[in-house]
A.B. asks: 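Input: one structure, supplied below.
No experiment lies behind these values; they were computed from the predicted model shown. So that the names make sense, note that chain A is the first sequence line, chain B the second, and so on, each numbered from 1.
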Amino acid sequence: MDRDDAEGAAAAAEYFIELYPYVMATGDTVEFEAMSHEACGFCADALAQAESIRDNNHQWSGGEISSDLVKTYARDDLTGIYPFDIQVDQDAATILDSGEIVFQGAAESHNYRVEVGREADAWIVVEIAPR
Amino acid sequence: MNHLHMTSAVATVLSIATPVTALTVSTDDYTQFGGSAQGQSVSVEAFEPTAGQPAPPPRSGTSRSIEGETDAVPSAGPPQSSVRVGGGNATNVRQWRATPELCQLSGLDGAAPVLRAECEGAGQRLAHNGIECDAGQEAQGALFEQRRSGDSWTVPEVVEEESCVDPALPAQDQPQQQQQRRQIDIPAAAARAFRNMTIEPSTLAVQPPDGWTLVNLDTIAYAEDEPRVLDTNLFGIPVSIRAVPDAYTWNWGDGTSDTGTDPGAPYPNHTVAHAYSSPGTATITLTTTWRGQFRLPGDQSWRDVPGRATTTSQSPPIEIREARTRLVEDLSH
């Protein structure tokens, strides 16, 4: 992730993705937000949910994620974005409100296009979209 | 939500528009990872690197700066024959506009200078102010086109100027001509042509001409002050663009410099000169600031375009010698 090339971008993308359940469970959005580009719709949605869980004293459990880099594309020379295909496997997650289930997910496994850019010497996620 | 719109030959670069702002989420909206990704769309079209395809050679042209920003001068794109046709998932032509969404990405490291310039420049001014469009119309930034060349894209070229679009007419599937009333802004196009113009730096001459000079005596410098003219074609209209020298900064290479509008002249009519105070070696650097003008066919006078460009020229190294007076023994006695 310290590298400023495609490998560094891919490492940053996987780190960001695997941060997802931590952010949901703790409400600690600082690092996730710092790595979210202003144009990232996925990031905005995820941040809003993490804040809602935290602010309503709901509890996220499960939903652990593992990710695998499937494909690295050429860097886009118009925007400087590194596009990747990343396989994301997530365990089923549960969200509780005072012990009562308000959300029950299922294990999911999908391939996503992840776009990573670099801004002020740091990696930043520009978008995560379904393939 | 935008979608990546492409035909078999032309890809349009679009960008997502969802800002990171506080959204309200109710428990009904709770999702896992895939739910947050649902409905999002990618910003750029991705290409697999092609093995064995050498990158195109670096663009030639004089390096210059425009309004303080260093930029490589785009030259004409590579010949048509070097454009890869067909093959894999490759799209060979892509088109983009500096939309507010795409401009959100112009701050990324490695974003193309042309995208940054366009986002800071005319396209965005027009898009944001809308002052040049009729009421009820929407401004639309210039349309750029790039072609594939190996693993990268050619220098973006404007294929359609900024225009005003009537939003009442259906978009997308209608032919361009029916979709919009084109209002070609020639001054804006001329300003862009000036920005992209390759300007040959001023020719710099120094006297004495032999690569050496003397301490405390005038070393003369002068430049030719001919405008550089580019005859081009903007959307079917022949237009002449020219760069006119506006100011000269003479950096004498010893820590001193002079700036003025005078290009100087050769001895004995010289007006620009410098006396070095100590021996050594110096290189004179001339920075010429150029302003832009354009003229349409039949026009008597040139019209100014905004912006300035600079070029630099250098003399060969000059040896600064000291002339000493010597007492010579008179051997005639």
A.B. asks: Do A:His58 and A:Phe103 make the cut of ring centroids closer than 6.0 angstrom?
C.D. replies: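 No, the ring of A:His58 stays outside the 6.0 Å limit from the ring of A:Phe103, centre to centre.
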
A.B. asks: Show the nearest heavy-atom pair for residues A:Thr79 and B:Leu108, with the distance to one decimal.
C.D. replies: O-CB, 3.5 Å

A.B. asks: Name the member of A:Ile124, A:Ile81, A:Asp77, A:Ile128 that forms the most heavy-atom pairs with chain B at distances under 4.5 Å.
C.D. replies: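 Option with the top pair count is A:Asp77.
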
A.B. asks: Quick one: what part of A:Val102 sits under 4.5 Å from any heavy atom of chain B, side chain, backbone, both or neither?
C.D. replies: both

A.B. asks: Quick check on A:Asp91 against chain B: is it the side chain, the backbone, both or neither that has a heavy atom closer than 4.5 Å?
C.D. replies: backbone

A.B. asks: So for B:Thr27, is it side chain, backbone, both, or neither that comes closer than 4.5 Å to the heavy atoms of chain A?
C.D. replies: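 Backbone plus side chain of B:Thr27, per the 4.5 Å heavy-atom cut-off to chain A.
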
A.B. asks: Among A:Val126, A:Asp76, A:Leu78, exactly one meets side-chain contact (heavy atoms from CB on, under 4.5 Å) together with B:Val44. Which residue is that?
C.D. replies: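 With B:Val44 as partner, side-chain contact (heavy atoms from CB on, under 4.5 Å) holds for just one option, A:Asp76.
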
A.B. asks: For A:Ile53, is it the side chain, the backbone, both or neither that has a heavy atom under 4.5 Å from a heavy atom of chain B?
C.D. replies: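 Both parts, backbone and side chain.
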
A.B. asks: Return yes if some donor-acceptor pair links the side-chain N/O of A:Glu115 with the main-chain N/O of A:Pro83 below 3.5 Å, else return no.
C.D. replies: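 Such a contact is absent between A:Glu115 side chain and A:Pro83 backbone.
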
A.B. asks: Run the numbers on A:Asp85 and A:Tyr73 for side-chain contact (heavy atoms from CB on, under 4.5 Å), then give the verdict.
C.D. replies: CA-CA 8 Å; A:Asp85 285 344; A:Tyr73 296 94; 2.5 Å; yes

